[in-house]
Amino acid sequence: MPFKRPAISHETSSGCSSRHSSTSEVPSKRPKTNISAKIYPHVKLYIVQAKLDGPTIAELFSLAERTCAGLVSDVEDADVVLTSVTMRRRFERHVPWDVAKTKAIVTPSWLRDSAEEGKPLPCEPYVALQDLRDETLANCPACDKYPCDCEDTDCEYPAQAYPSPPTSSTSPTERISSSSDTPNPDDDTPAPDIPAYLLAPSPPLPTDFMRLSHTSRYACQRAHPLTCPNQKLALELDIIKKGRALEGEDRSALSYSRAISVIKSYPHLITSRRQVEKLPYLGTKILGLVEEFLDTGRIAEARGIASSERFEALTIFSSVYGIGPSTARRLFALGLRTLEDLEVYYGVEKDEPESQLVELEHKENFGSDAKVGLGETWVKIALGLREDLAIKIPRDEVEEMNQVVMRELNALEPGCTSTIVGGYRRGKPESNDVDIVFTHPDTQKVKGLCKRLVNRLYERDLSNFHGHNPLRTTHWDSLEKALTVFILPQSSPFYTGRRRRLDLIFAQPEVYWCAVIGWWV
DNA sequence: GGGCCTACG
DNA sequence: CGTA
DNA sequence: GCCC
């Protein structure tokens, strides 16, 4: 069950890297020297000349010669059609609609960028006519579709590199069958069918890591393995980043974040400054730190920060939910240093029974107490939770949590589906919290569902469940979310009694996959 | 030298 | 200010 | 701290 097949073809330290480096050290360079292998050796191209000026046409013809099997004069013979025409009416004056449906119809940039990158690119960003989007994707020569028959077979990706692909997180098919096959006392009516577009593809669409550029400015294009070849460097920089954040130097912290992200997406072991000085977000200062690391295996500034009493205290303080850098600094300035200091300061009774905490929460959420001092009450609760929340959650327990919640949700509103996102979806073997995105095919039924579920979970609480913080925020008028603390029922084989952070996100069916994709950066 | 993601409580 |  |  953990995984069926690797879904992400990311780099690992073994196997692929040599091949990778030998074929495309820097993708954006030298399409010219690569004469032996055309990027699209089997693709026949047709160019719609309308709206293109002379020089552009010449350029495209030249590019076509270098990258494709050739140009064809009859559009019927083509695999791919290049056009700057985006209006269906006008396009139909040049290519019959029925013919167009059998091709990939893309903008000229697709060819330019392919040549620039020196490798096949997916058509998706270059779809010329939105009316032919699906057909274009289906006919895209860059093996965007499934099954993928392109040449990733010579690169063995060790299965261990994938704790579990994102697919196992979705597996709505399993959820559905289990929810309809399993007798559910609360649910008389069978779950309605869920439209295919709300279900994850099974088996999953493969991701071609070779297509991703490590020089990209965009984080969403920087797929990277869980532990990268330059992990130690990344961790060292991360110390400085955290230090900056704790000291309130947000801008600097942001720069370190970006630099770390870029380094994590760089698939080779860094051995020289020259190797990485072209990468975005690596500037004077950080390149200097990289160089220092290459020379000495460490970064003095990071060592200094990591070993400072201040950093240690601020880190512990801000690990408490509700305490951020600013409050942490204030507490430190008051002379506090340890968790015990915090407990005294916030008046946490050591043997305070949990029921008291529940009461507190309840009052906090539903009571009429003034909002005065709410922050402090929160911190007091969070201090009690801290120990539990510091314990990571294994993947199978994450899945169990999803199942339990789905059981309650489908009892409430049959036909819902869910995808576990967050760290789990990124393949982490253990999670700090659990994020689940839900939807229902019926837009109307999604409205208010978040609150209903939280209320139900809270009612079911009676010993096993612990509803918390039923704050419901509407987002874009369509996303509702709830931040909760969850305990598995004692009947569950995974029951530990530990409280877990659980975020519930409800999306309208139209934006469901956007929410899934967008929940993490 | 100005701007850095954003929305909400 | 803190969290997602 | 880096980018434009």
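Being a predicted model, the structure only gives us computed values, none of them experimental. Sequence lines set the chain letters: A, B, ... in the order given, protein chains first and strands last, and positions in each chain run from 1.
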* Name the nucleic acid region contacted by A:Asp503, choosing base, sugar-phosphate or nothing; use a 4.0 angstrom heavy-atom cut-off, strictly under. => sugar-phosphate
* To do: Calculate the interatomic distance between A:Leu279 atom CG and D:dG1 atom P; express it in whole Å.
  => 19 Å
* **OP1 or OP2 of C:dG2 under 4.0 Å from side-chain N/O of A:Arg330** => no
* Just call it for A:Ile323: base, sugar-phosphate, or nothing, with non-hydrogen atoms closer than 4.0 Å on any strand. => sugar-phosphate
* Structure fact -> Rounded to whole Å, CG of A:Asp250 lies from P of C:dG2 at a distance of 11 Å
* With no hydrogens and no angle check, is any side-chain donor or acceptor of A:Arg298 less than 3.5 Å from a backbone partner on A:Phe293? -> no
* Nearest listed nucleotide, side chain of A:Lys481, among D:dC2, C:dA4, D:dC3 -> C:dA4
* For A:Val262, answer base if it contacts any base atom (sugar-phosphate contacts may also be present), sugar-phosphate if it contacts only those atoms, and nothing otherwise; contact means non-hydrogen atoms under 4.0 Å. => nothing
* Indicate, with a heavy-atom threshold strictly under 4.0 Å, whether A:Ser318 touches base, sugar-phosphate, or nothing. => nothing
* To the nearest Å, give me how far apart CD (A:Glu249) and P (B:dG3) are. => 20 Å
* To do: State the NZ-CD1 distance between A:Lys241 and A:Ile260, to the nearest 0.5 angstrom.
  => 5.5 Å
* What is the nucleic acid contact for A:Leu254, judged by heavy atoms within less than 4.0 Å: base, sugar-phosphate only, or nothing? -> base
* **Closest nucleotide among D:dG1, C:dT3, D:dC3 to the A:Tyr321 side chain** => C:dT3
* To do: Calculate the interatomic distance between A:Ile286 atom CD1 and D:dC3 atom C1'; express it in whole Å.
  => 12 Å
* **Length of the line joining A:Tyr256:OH and D:dC3:C1', which is rounded to integer Å** => 16 Å
* Closest listed nucleotide, where the reference is the side chain of A:Ser326 and the choices are D:dG1, C:dG2, C:dT3 -> C:dG2
* Asked: Looking at the rings of A:Tyr266 and A:His268, which for Trp means the six-membered one, are their centres under 6.0 Å apart?
  -> yes
* **Nearest-neighbour nucleotide for the A:Arg251 side chain, C:dC1, B:dC4, D:dC2 considered** => B:dC4
* Which value, in whole Å, describes the distance between the C1' atoms of nucleotides C:dG2 and B:dC5? -> 16 Å
* Salt-bridge contact A:Arg456-A:Glu413 (side-chain N to carboxylate O under 4.0 Å) -> no
* Structure fact -> Closest of C:dC1, D:dC2, C:dA4 to the A:Thr327 side chain is C:dC1
* To do: Using a 4.5 Å cut-off on heavy atoms from C-beta on, say whether the side chain of A:Leu137 contacts that of A:Val127.
  => yes
* To the nearest Å, give me how far apart CG (A:Leu389) and P (C:dT3) are. => 12 Å
* Is the NZ or CZ atom of A:Arg337 positioned over A:Phe332's six-membered ring, under 6.0 angstrom from the centre and within 45° of the axis? -> yes
* Nearest whole angstrom, please: distance from the P of C:dT3 to the CG of A:Leu504. => 19 Å
* Starting from C1' on C:dG2, measure out to CZ on A:Arg329 and report it in whole angstrom. => 12 Å
* Within the pair A:Tyr281 and D:dC2, is there a side-chain N or O less than 4.0 Å away from OP1 or OP2? -> no
* Asked: From D:dC3, C:dA4, D:dG1, pick the nucleotide closest to the side chain of A:Arg258?
  -> D:dG1
* With sugar-phosphate meaning primed atoms plus P, OP1 and OP2, does A:Arg501 contact a base, only sugar-phosphate, or nothing at under 4.0 Å between heavy atoms? -> sugar-phosphate
